[in-house]
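A short worksheet on the structure shown next.
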Amino acid sequence: MIFDSYRSGDSVLHRMAPGPKLLSLCVLGTLLFFFDEIWLAATAFAAVSMLYPLAGFGPAVILAQLRPVFWVFVLIVAAQLLFGDAAFGVVLALRLAALVLLAALVTLTTRSSEIVDALIRTLAFLRPLGVNPARVGLTISLALRFLPVLARITGEVREAQHARGHGGNPVATAIPTTVRTLKMAHEIAEAIEARGFDD
Amino acid sequence: MIQLDNVSLTLQDRPVLRDISLTLSERRIAIIGANGSGKSSLARLFNGLVLPTEGRVRVDGWDTAADGRKVRRAVGFVFQNPDNQIVMPTVAEDLAFGLKPLRLDADEQARRIDGALARYGLESHRDHPAYLLSGGQKQLLALAGVLVMDPAWIVLDEPTTLLDLRNVRAVLDAIAALDQRVVLVTHALEHIRDFDRVIVLDEGRVLADDTPGPAIARYLAALA
Amino acid sequence: MTTRDLVLIALFAALTAALALFPPIALPLTGVPITAQSMGPMLAGAILGMRRGGLSQVLFLLLVMVGLPLLSGGRGGFGVFPGVTGGFLISWPIAAVVIGLLWRRLGSGIVGQVLAVAVGGIGVVYLIGTPWMAVVLGWSIDAGFAAMLPFLPGDIIKALLTVAIARGVARAYPLR
């Protein structure tokens, strides 16, 4: 993997297998929606926050996860102050914070490749429906391989637009760029077949 | 041995190759010809990437239309654009990609990957993203990706066209050092002076099929 | 699914990610920022069709889910789905499928194509994303849709751009 949000560590949460971790996220995330009393939501938030030290993360990591959704908390509380009851706004905000922290914890303690592998293993159950895990795995790898390539192409397009003083026609740049990447896709498909992938 | 019997190829209603019969068994064979003469299509017939519209292509007796798997194991293919034949994100993963269909045990797989990395000086790039390599290194990685599969033939379609001079040299040296039988499609006539056989294509037909001296002379005469 | 289909699915998943790299443009008058990324599902549906287009967006969301920072502003991971924009993201595969389906059904005329992209890329996206946003924020659904109005002009521009690009691409490099 080229980049992900994983932070290395050796805690119980890091060592836990990705499958059960994802499953607990789903179950706990759903349960949270039934916590509509302020003290329940607060307990959930506190409990999830306690998991961070368990994973070896300090308060700074918790704040870093919540910072992107800060303005959402403001919107939630503001709306309830205006139209509803403030207490419900606090419940909503606490619930969202707990959910975001819980989800982020999974991402922080699990390598992307582990999650991908777990998903591909899960997909094996869909084999009777015509899903081929090896082909899913190939497609994921290809997407990862394309990310830096397309980021570079995007950079080139932005430079070209900049060089023309932003007056460039976006459609006129997008069409040849898209055609170029489609041709690339065609050649890569040919190279994959030449190496006997489908045999 | 690669054998073509009365092969014709039509792509999108356009005749690309017309009634070609060839038997290839030399160690170093070059295919030259103008753009659009059918060189690349001919090369793609050799490992079953393209199937003939008429006639038959056989590799060591295996028909490319019926025994595609055996043919692809016997004939490796290196493309023109080094960027577009690297499939996986990192160097070692890409080498492992071609080995997957061979179902080797882990030790043999590791041995082959290590060998290929060492052969082309890519050991230190093992876990690097492949897109960060130079054009020449990418082309060597593509060649390594084919070599790990241990084919009897290696077909290269203009592998040096997009490279700068220093990288052209590195790739040509690598090709010269191959134990396999080589079919090289190229525009660079100076690269094939010591080849065993040169096939000249013109508008989908074989214009000349000879040793380099006479074949190249015939090609240049046809251009003039 | 041929090998080429798989490559195209991967390509448009990566393309959707790359669109996040274009800086947001503020619309005149309202100043509402429009981002290029939501053109990902529009282009995927219009160029790749419903099956490959839809799967490309599923793959994109999968990459986001596993923690790659591919969304506008460098966000990613499971945490984005319970958030305000979660519903919009979830709607993208469905949007691509609807666009791909309508694009074929409504013929090759430019009006039908604009309609296909608008219904899938705006209609479906708003219908799924807005209630989700309203629930997260504790707003009424009406308030949610009212809040989306300023974004509508930008999304219409994106739909028109998508049609123009997809038509040009189809002429220059027809995909089967």
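Proteins get letters first, then strands, A, B, ... in listed order; numbering begins at 1 in each.
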Practice prompt. Can you measure from CD1 (A:Ile175) to CZ (C:Arg167) and round to the nearest 0.5 angstrom?
Written response: 10.5 Å
Discussion item. Less than 4.5 Å to any heavy atom of chain A: does that hold for the side chain of C:Leu55, its backbone, both, or neither?
Written reply: neither
Response to the item:
Tightest non-hydrogen contact, residues A:Ala143 and C:Leu59, listed as CB-CD2, 3.9 Å
Worksheet item: By number, which residues in residues 54-61 of chain A have some heavy atom less than 4.5 Å away from chain C?
Response: none
Worksheet item: Hey, is CZ on C:Arg171 packed in by over 12 heavy atoms from elsewhere, all under 6.0 Å?
Response: no
Worksheet, complete the sentence: With chain C, the option among A:Glu190, A:Met184, A:His186 that has the most non-hydrogen atom pairs under 4.5 Å is A:His186
Worksheet item: Side chain, backbone, both or neither: which part of C:Thr2 has a non-hydrogen atom closer than 4.5 Å to chain A?
Response: backbone
Discussion item. If I measure from the heavy atoms of chain A, does C:Phe12 come under 4.5 Å with its side chain, its backbone, both, or neither?
Written reply: side chain
Worksheet item: Side-chain contact, heavy-atom cut-off 4.5 Å: C:Val66 with A:Thr110?
Response: no
Response to the item:
Nearest heavy-atom contact between A:Ala151 and C:Ala18 is N-CB, 4.4 Å
Item to complete: Not counting sequence neighbours, which residues clear salt bridge (charged side-chain N to carboxylate O under 4.0 Å, His left out) with A:Glu156? List them please.
Response: A:Arg152, A:Arg180
Response to the item:
Rounded to the nearest 0.5 Å, the OG1 atom of C:Thr3 sits from the CG atom of A:Leu138 at a distance of 7.5 Å
Item to complete: Give the minimum heavy-atom separation between C:Ala10 and A:Phe146, together with the two atoms involved.
Response: C-CD1, 3.7 Å
Discussion item. To the nearest 0.5 Å, what is the distance between OG1 on A:Thr178 and CG on C:Leu15?
Written reply: 7.0 Å
Worksheet item: What distance separates A:Thr181 OG1 from C:Leu11 CG, expressed to the nearest 0.5 Å?
Response: 4.5 Å
Worksheet item: With a 4.5 Å heavy-atom cut-off, do A:Ile140 and C:Leu63 have their side chains touching?
Response: yes
Worksheet entry | Any A:Asn132 side-chain heavy atom under 4.5 Å of C:Met1 side chain | no
Worksheet entry | Under 4.5 Å from a heavy atom of chain A, the part of C:Leu19 involved | neither
Fill in: Which portion of A:Leu105 sits near chain C, non-hydrogen atoms under 4.5 angstrom
neither
Item to complete: Please report the closest heavy-atom contact between C:Ile165 and A:Ala174, naming both atoms and the distance.
Response: CD1-CB, 3.4 Å
Practice prompt. Could you tell me which portion of C:Ile47 (side chain, backbone, both or neither) has an atom closer than 4.5 angstrom to a non-hydrogen atom of chain A?
Written response: side chain
Worksheet item: Checking heavy atoms, do the side chain of C:Val169, its backbone, both or neither come under 4.5 Å from chain A?
Response: both
Worksheet item: About how many Å separate CG of C:Leu6 and OG1 of A:Thr139, when rounded to the nearest 0.5 Å?
Response: 4.0 Å
Worksheet entry | For chain C, which residues of residues 89-102 of chain A have heavy atoms nearer than 4.5 angstrom | A:Leu92, A:Leu96, A:Leu99, A:Val100
Discussion item. List the residues meeting salt bridge (charged side-chain N to carboxylate O under 4.0 Å, His left out) with A:Arg135, not counting sequence neighbours, and say none if there are none.
Written reply: A:Asp198
